[in-house]
Every structure is written in C-alpha cells, then in structure tokens.
Amino acid sequence: METGAHGGRNGGRRRQKPARAEARLVAAEAVVAAAAEAGACGRRQETTERRDGATEGGVKPVGGGDAPSGGVAAVVVVVARRMLEVCCCSGVLGGSPPSSRTAGVSSPGLSASRPSKRRIGRARVQPPPRDERRAAEDVIHALRSADGPAEALERFRSAARRPRVVHTTASCNYMLDLMRDHGRVGDMAEVFDVMQRQIVKANVGTFAAIFGGLGVEGGLRSAPVALPVMKEAGIVLNAYTYNGLVYFLVKSGFDREALEVYKVMMVDGVVPSVRTYSVLMVAFGKRRDVETVLWLLREMEAHGVKPNVYSYTICIRVLGQARRFDEAYRILAEMENEGCKPDVITHTVLIQVLCDAGRISDAKDVFWKMKKSDQKPDRVTYITLLDKFADNGESQSVMEIWNAMKADGYNDNVVAYTAVIDALCQVGRVFEALEMFDEMKQKGIVPEQYSYNSLISGFLKADRFGDALELFKYMDIHGPKPNGYTHVLFINYYGKSGESIKAIQRYELMKSKGIVPDVVAGNAVLFGLAKSGRLGMAKRVFHELKAMGVSPDTITYTMMIKCCSKASKFDEAVKIFYDMIENNCVPDVLVVNSLIDTLYKAGRGDEAWQIFYQLKEMNLEPTDGTYNTLLAGLGREGKVKEVMHLLEEMYHSNYPPNLITYNTILDCLCKNGAVNDALDMLYSMTTKGCIPDLSSYNTVIYGLVKEERYNEAFSIFCQMKKVLIPDYATLCTILPSFVKIGLMKEALHIIKEYFLQPGSKTDRSSCHSLMEGILKKAGTEKSIEFAEIIASSGITLDDFFLCPLIKHLCKQKKALEAHELVKKFKSFGVSLKTGSYNSLICGLVDENLIDIAEGLFAEMKELGCGPDEFTYNLLLDAMGKSMRIEEMLKVQEEMHRKGYESTYVTYNTIISGLVKSRRLEQAIDLYYNLMSQGFSPTPCTYGPLLDGLLKAGRIEDAENLFNEMLEYGCKANCTIYNILLNGHRIAGNTEKVCHLFQDMVDQGINPDIKSYTIIIDTLCKAGQLNDGLTYFRQLLEMGLEPDLITYNLLIDGLGKSKRLEEAVSLFNEMQKKGIVPNLYTYNSLILHLGKAGKAAEAGKMYEELLTKGWKPNVFTYNALIRGYSVSGSTDSAYAAYGRMIVGGCLPNSSTCHIHELMKTFLKGDSDSYEIIVTFINAEGMLAYSRAWKFCISSREDNGCVHPQQFAKFMASCGALRDPNISWVTFHGAHGIARMIRSFLSPQDLPRYWCSYIGHRRAFFPAIYDVALIMRKCSDISTLPTTECEGDLFDVARALDLKEIEADNCDKEAARVLLTLRCYMKLAERPDFPGMAMAVQGLLKESCCWKCPANC
C-alpha cells in the first residue's frame, strides 16, 4: 500500500500524521529522551516523566523553525526543561531532587498564556555558581601549565585533596587524554577512580580517552569489548558509571551494545537503577522488540529492583503495538497486585494502542472507566482520543469526546481547539472545522501556526486546494508566517495527486524562503517522485539532504526503494537497502516489505525470500503485510502449494490471515486453475472469523467466468446480493461474459439491480468503460444487441451505452453503420449528447462522408444539442478535406457568433484545409497575418505549410519556414521531421534525408516507425540497401515494431538486389510477428522470383495470395507472365494471361510485350474455321484499306493459322477489354466463341456453351450484333418474318445499301465491310443509342450452325 511522507499506514502499521506533528500533546519520544537524561525524581515528578515518555510522538518543528509559542509544543519543552533542571541525574547530570512536583502537562490549571519561545532540543543543566566555575578554570589552567605528565598528575592529586577545589569533567578528561598520550595506563586508572569517588560526571569523551589508551578501536560502540580490558588494567566501573555508559550507548543508537554492558554489570554484581532499566526498555520498545522489553521487566523483578509505573507503562505500550493485548491486560493486573496503581498516563497509553489496533470500542471502555475512577482523563487523554478517533473515521465519537472535554474545562486554549479542528478535518467534516476555527478566534484565542496547518491539511485532504491556498496567502500576509511544515502539506498534496513536478517546485520555493528542509520535507517530496518514478530527481533531493547534514530516516530510504522499483532499477533498490543498514538507520518491517515487493515484481523471488529470512537477524517480526506480499509474489509465479504452506505458517504466527490475505490467495487460486479450492475457501472464511467482502466475491466470480462456469458465477452473484451490494467491479467481471454467450436476460437483470441501487456508478465515464469491456469480450454484434435491450427496456435513455459503440464502429471505419445504429436508438427514445454527435461526425469526416456529417451538424442545432468548439473544428476539418474553402470560412464565422473563439486548433485546421485545397499562398498569408496579431504557432501550424511547400517543389522556401519556426521557439517534433524527411525523399535528396534524420536524433527527438520507413525507402531507392538494413536493425533495438510498409520496402529492395533468400526470410518473419502481407508484398516477391527464373516459387506465391483472399491486379499477372516467360513456360504464361482477362483486369502496356516472349503454342480446337477482321474509325474510314482473313486450325500441316497465333495477334493489337472500342458482327456468336477459345488454355475452357457469355463480356465489353439491332427497328418492314430467311444482304437492302462488288477471293472481306457499313448506317438513327444499349453484349447464332436452344 502506498504511503505518503506522513500518510496513513493501515493494518496496525506505524502512522505519522502531518497535521499533528506540531500540535500533538501526546509528545512521547521528545519527553522520553528528556526524562531519560533527568534520572529518578520524586514520585510525582517520576509520574510526569513516565507519562510523557510512554505516550510517544514528539513535537518537532519543520525546517529548523522555532517551536510555536504557547500551546502544546511550548508546554512540553517547559516540562522537559524543568525536569532536567530539578531532577537528580543518577550519575549523569548534576542537581538535587525537588521537594514537590513541578507544574506539568496534566495539570488542569495550566495557564493558556504564551510562554517565551524556546527551541525544542536538549535542555541545559543549571550552570554552577561563578566562583565554582572560576575555580574549575583555575584547575585546568594549572594542569595545562605543568611541565609533564608527572607534574600534572601531582597537581591533579593535590587538587583532589583540597575541599574547596572542584574537579570537573573537563579537568578529568584532560588528564585522561594526557596520560593516554604518554601511555600511562595505570595513571589513567587513578584519574578515573578520582572521577568516580568525587562523582564527577563522565561523558562520551571520557570513555573514548580510556578506550583509546587501552588500544580498543571502534569508539563508544566497542564498550562491550573494552570492559574486560579495562578491568585487567585496573579501571573498574561503579554503578554510577555503568548507568552513565548504558545511557550514552542508547543515546548514540547502540542499543545492542548497551544491553551487552548491562549483562556485564550483572556479572560484576552491580545492580542497575530503575532509570537504567527504563532507558533500555524505551530503546527496545522503539525497536518493537517485545521479548527484550519483557525480559528486562523480569530481570528487574529478579534482581530486586521494583518496577514503577513508568516501567509497566512502557511494557503495556510495546505489547499493545504488537497487538498482544491479553498480555498487556495481564501487566495491568500485575501492577494492581504489586501495589503500583496505574495512573492517567498508563490508561492514556492503553487507549492509544487500542485505537491504533482499531479496537475503538475497547478504547472507549477504558475512557469511561477512567471517568468513573479517581484517575480522571486529562488534557492529554482527551487529545489522544480526538486524534485516534479521527484516524479511525469515528466522526460522531470526535464530537462526543469534544463535548466531554468542554464539560471538564479543557477547551480553554489553542491546543484544545487545534486538536478538535484537526480531528474534524481528518474525518472529512471540514466545514465544521472551519466553524470551530472561527469560534476559537471569536473567543479571543489567537490561532498558532499549527492551527492554520491543521485547517490547511483538512482543506487539502478534502481536495479544496483553492481554500488551502487562500489560507496560506492569508498567513503569508497577516501572520503567523507559514513554516516549513506548511509547505510540506502542499508538497504532500502534489505528490499524492501525481504532480511530482509541482511538488518539487514547492520544495524549491520553501528553500528560497530561507527554510532549511528537514527529513520530513525531504520525505514528502520523495514520495511524489517515487510515485512517478523520477529517480534522477529523487537522487538529487536525497544527496542534497545528506549534504545539508540531514540524516535520512526509515521513510526516506523506503521512498528511495519505491522510486527505484518504479524506475525498474532493482539493483539500486537493493543497494539502498544495504546502505541504510550500513548508515545505522535501522530498517523497519515496512522497508523490508517494500523491498520484498520490489524484488518479486522484478522476477527475483529468490532474493525476496533471502530478505525475508534476514528478518530475524534484524530483530524484526514479519507482519501480515510481509506475508501478504510474499503470497502475492508466489501467486504471480503460480506456486499454489507454496501459497497454501505459507498460509498455514500464518495461522501459527502473531499475525493470522486477514481479509487481504484471503483475497490474495483467492486471486492466486482463481488465476491458476484452482477455482474449486477458491470456492471452498470463500465458504470457509466466515468460520475463521473473516467475512468475505466484494473483492472476495468478485475474484471467485472472475475465476468461474474464466472457466466458463457461467451458471455457478450467476449463483455466486445472487448469493453475494443477499449480504453485499454489487459494485462496478462486479459488473465489469460478469457482464461481458454473459453478453458474449448470449445470456441477455441475466445480463439485463444484473444491470437493472445495479442501476437501481443508491450510490452506483451510473455516470458517463463508468458506462463507457463498461461497454468498452463488453465490446472487447463479446464483440460488436452482441454488444449492439445488449445495448439495444438496455435502451428498449427503458433503464436509461441517455446515450451512455451508445457512445462507445459509435466510437468503436467509427474506429473500424464503419461510420455508416454507426449512423444507422443511431437512427435505431432514436426510435427507442435515446437522445444523443454532444459527445456522441462529435464521435459520429469525426468518424464520418474521416471516411469522407462529408454530406452526412453536415446533416448531423444541422440536426444537432435543430434539436437544441448545441455544437461545441470541438464540433465546429470537426466541420472545419471536413470542409478543408473536401476543399470547400468558402463554406469552411462561413462555419468559422458561425462559430464566432455562437461565442466560440478560434483557437490554435481552429486556425491550424483552416491552414491545413487551405493547403489541401491547393491554396498554399492563401495559407501562408493567413499564417503571417496571424503571427502579426500575436498568434502562438504550434508544430501543427507549420506541418501543413511545410508539407505543401515540399510537395510543390519549393524546397528552399520550406527550409526557410522551418528555420523561422525554430526562431519563434516552436520546437520541432517527430511529425515535423517526418514531413521534412518525406519531402526530401520525394525530391530524391538522399544525403539531406540522412542529415535530417541524424539532426532529429541529436535534438533528442525519438524517431518513430514512419521516420525509419522514410529513410529506409530513400536508401533502398538510392541503391544503399545495406544502410537501409542497418536502420532496420536500429529501429528493432529501439523497441519499435516495423509495420507492413517497412517490410514491403525492404522485401522489394532485397528482391531488386537479387537477395531473394533474405527477402523470403523477411517475408516469413513479418508473418510470425502477426503482420499480414498485402498484394504489394506478393506482387514484389512474384516479380523478383520470376525475374530470377524461379517461376515455380512465383506460382506458389500467386496461389498463396489467392488463398489469403487477395484479388490479383494487372501487376500481379504481368509479374507472373514475365516469370513464366523467362523460365520458358509459355503455356503457363498464356494461361495466366487468360486468367487476367477473365478476372476483369485490363492489360496495360507491359502486358502487350507478352507476344514477344511466348515461343510455343497451346493445344487448341482441331476444327478449322475462318475469321475475317478489319478495323474502321468513327468516320467510316477503313484501316489500311483492307480486311484480314484468318484460316484457323490447330493442325500444323495445312498451312492454317494456329489458334494461339491468332490469340497473340488479338492481344498485341491492344483493342481487347477497351470499352471505348466497339466490335461489330452479324449472327456472330459462333465465330466469337471460336475466338475466345483461342484465348483460353484447355484447363480454362468452360464446360457449357452458356458459360461463354461471361467470357465474351470480359474480352469484348462493347460488342454489337447488327441482326439484333435491326430487330429493334420497328419502322423497317422489308425484312422476312423469320430469322432463318433474313441475312446480311436483306438488312443492307432494307437500309438502301448496295453490296460491294469483289472477286471471289474477297467476297468474305466484302461481307465484313458490309456488316460495318450497316452498323454505321444504323448509328445515324436518332434512336440508335437506346437500341444499341438494349442489345449490347448479346449475340445471335446463324441458321447454319446448330446450337442449344435459347442459349
């Protein structure tokens, strides 16, 4: 779970709260430290010391500022200082015990007046009288002026014997240093003995000098090693010094070493004081080392040292933090039995730990028992309750405690009001907190810094940033000035909002105000940086803190580990963890949990377990968070058995499984095929004291749906409804699958249940996301069906479910279908909102369906659904694409009339439209006009202009505009560079393309796939294929995925370079990546394989493209024909040509070369026949003044023309498949059929005569039978009544045309010419077009050839 620098940590974890750091009366740690220095006091002083030490949570100013005057922080400092000044110090500090208790925190009569400001820090001891100081200075002066160590030692002894001369720590330490420097260990023992006899306070320097003189390295930390060496040298510690050494070790953070010294004390028979035990118990209590604290308590009892209230209270606090409340209550009972009556502090500590554990009811019981006893709640108790109830969201309890507090008279100062303001803010009742703030001011109580901070914190928590900022500005103007912590609140807010840049800007602002950041401020900014994974910035802040002398704490290291994890720098995360240990910053279990989670997410589970096994070495006990993290990791690895084993281990630990544990395991089971086990666990959770929540049910429903056990899923859903209200996650889990399998009735039931419940997510965004999930799972058709059911049932008449469908269809280029769907939904009463109209209009514009888009725009205005700025910009784009510039400008005028100002998007759209309409100069004029009015251009402004200039060949103008763009401070992006690259590619400027590409990289702009495609294309066309392949490998290294165009360019380039194996390999690679080849891909491979003489491979490619559903084009056939011809397979080549004609492909100039490449003939029809062909233009002029007669026969020994020779002639003439050329015949079906047979190979011949009609229309799109045209001429009655008796000459006579006289050899030619003359005569008739259209493509058989009837 993420935690901010001071954010909540659930599940019994430690929590630091920013809004209370200054104002909290429960100032435990600060006063514990003071009390530890102070030593044993009188009974009441000791009570105050125990109380303040046990409650933990010290007051600490942020950024090195002063503590607030008056209020909590000031009271705590005064108490701590006064205790230090008056308490006996048990060998560490001087002074004498007071006769009575000094005024403390718990005093009801505490004055609300402001004490003088003092920094919270280590208190000073009351200095000795002036005469004593002068005497001490004289002793040191005398020692320093001695000639050597012997004389100095003699003077030291002399001073020790004089009653009026006082040895001090300074004089003794001087002598110890002097004797150490001269190696006189025995004399050091003598000096140290004098110190102990005269009760001269020792300090760290004292022990450092002795350890150094004995040759023990490592400083104070090496005390356990130094003690036996000291004993051998005659330096023996008494109880006074032992207690002091323990204290110094604890204060320096060497708790383990302090415990070792304690054990040496016991061996030496020296009994520690109660204070020493207290110091050790506090130290190990901070470490949450429960066993050591309890062991120390038993040690006290065993050695006759009677525990006091303070000792017992520490134990209760530590046991409560470990949630071992049975033992804590036993300690409480033991206190009563031992005659050590629990005081107010003890009960307050118990309340605090109960609240921390979420046992609010038990905490209330303790409070009401206090109210009835002689240990009445005091101010600290009340503020603790306010604080903890607020933590747990107990808003009603907060006011209940506040009323009780007022009744007891504790609402008379700024501390009390700030506490309730803070509590109200924490439970989200900010308005009431503000009223309380105003009430405080009305009573004349001046708010302090921490009062303002509490309210600012509440505003920010309620996301009322404006109010928080206004209050901050008020403080800045009227006072009190914002302190470092005020800035930290804003840093925290920005960090949690994901605005890490603003967080660090606020951090820099704080520093500019002269506020030195402390660890709290650093942690706050690191939290935001960790959340966004900005490791570079985080490192800078981290090292800056250390450079300023700020020691990173556990939270700091945790944030750095999280940041490394977010940035996928897992090795650095591990390094930071071990640096933390090296720097004596004791990791807590939260840090370890974070590192375990980081390692598991990095796939380094073994290392995660190693860290887990080190917990015992670090004296840390795994928490439920630790186990849950490990369970989640094992679940991701699919290790179900290990998960169940770890669950058993949790049952026997101090942290039994909680709801998060069970949900984590349910997730593991459902994702790893153990849904039945998940069901068993779901049913058994209740018996184990853990009630399943929505997440539990949703997880199991997901598992059942995944295994397509839909009925069981629906059954679990129905069971869940009895105890819980389905949430949005439930819908997203179950609905898509139900819709997919057609369980529409059940799906409708679920959505009805959800929509009718209060508080359900029925907003546009949620419905959109739900429908998008259904679309993804169930597909378009089923999703539309479900949406129609919802609309027709009347659940909602909004377009929430329709809008995603519109977007989905438009994305698939099915805007017309989306438009029809909208019409259908309107019939259900569903009305479209602006967003849906915009999506549909956008889709229509993209598909160039401009008219429909305009109609929808008009409809919007008619129905009162006002177009917005986006709508107008869409229409402008549509007008620009359709090059309707005048209308585009009118739409802009309307946009202005409706109150929408033209934005940069509007102007960019207009400029783009002008360029597309080939009004480049007008677009440039508009650009300069806008610039003169202060317009701020964007790359989208320059893109169309640069593209237009480059495509117009104005390279120099384009370069000048590009330079102008840079001068205006408009940075080029990838799109701009792509336009430039493409322009120079078209111009054939290879060198410039390469230079621009490198410049793009140098500017830090990452090229996209289009950039790489352009440069690869350029290089391939320039014959630099190897360079193109280098860029191809580079784009793969950059993590980009090549697209179809990239592969096509390279395959073509490799083919041209005759590197066909590489080309085919690349072809196979693209298919493995899921990229489907298109017709261009196949054409390229067929062409290059054919050129290389690999006709068989080319043929296979042709067959493959057919099976993939591609329709060959003329380039496909040309490539195939060329390949067959080069390989000598003329039969196959001509067959390919026949398929091309039949397939409807019009031959081009490349196809006409076929007759030059074919060398052999296909076997044709064995029958002989004659065909006469001649050509005439529109004016009736005969080509070459003659006709050609062909005697067709497949036999080679009769001097006839083979059918395929004739076919070659017909193909090479270029007249086939041209609708502009008319073919004329008279009863010519049989002859035309013969011709068609000449074009086809035997395997392509149709089985039935009727099938020739389709072939005929393919080869001769405009063919006319004169006999059929004549039948349409009803006004000509000279023809015989039966078809069999009417021939060409009859038609000619009817048209008043004379037969052409010719020799016998030319009679057939004359017949052909007569046919053409008849056609030309008929064409002069005004009704000819209608008659010709009616018979176009139809032929009539002659009487002399028998054919199937009605064919």
[Y] and [X] side chains, donor-acceptor separation under 3.5 Å:
X	Y	result
D463	Y493	yes
N593	T629	no
D693	S696	yes
K688	Y662	no
N873	T906	yes
D868	T834	no
S1011	D1008	yes

Inset, instruction - Please confirm whether Y702 and Y697 have ring centers closer than 6.0 angstrom. - result: no

Inset, instruction - Give a yes or no on whether the ring-centroid distance for F738 and F717 is below 6.0 angstrom. - result: no

Legend entry - Under the salt bridge (Lys or Arg N to Asp or Glu O under 4.0 Å) test, residues paired with D677 that sit two or more places apart: none

Basic-acidic side-chain contact under 4.0 Å: [X], [Y]:
X	Y	result
E712	R709	yes
E772	K776	no
K1073	E1069	yes
E820	K814	no

Legend entry - Those residues that, when tested against L1044, pass side-chain contact (heavy atoms from CB on, under 4.5 Å) (two or more places apart): N1048, M1070, I1075, N1078, T1081

Legend entry - Enclosure of N711 CG (heavy-atom neighbours >12, cutoff 6.0 Å): no

Legend entry - Flag if over 12 foreign heavy atoms under 6.0 Å of CD, E781: no

Inset, instruction - Kindly compute the distance separating OH (Y1047) from CZ (F1032), expressed to the nearest 0.5 Å. - result: 4.0 Å

Legend entry - Heavy-atom side-chain contact between L821 and E788 under 4.5 Å: yes

Inset, instruction - Begin with the C-alpha distance, continue with both residues' side-chain angles, and end with the deciding distance and a verdict on side-chain contact (heavy atoms from CB on, under 4.5 Å) for M744 and E785. - result: CA-CA 9 Å; M744 300 296 179; E785 182 185 350; 3.7 Å; yes

Inset, instruction - Of all the heavy-atom pairs spanning S500 and R534, show the shortest one and how long it is. - result: OG-NE, 2.9 Å

Inset, instruction - I would like to know whether Y837 and V822 meet side-chain contact (heavy atoms from CB on, under 4.5 Å); could you show each step before the answer? - result: CA-CA 10 Å; Y837 272 114; V822 166; 6.0 Å; no

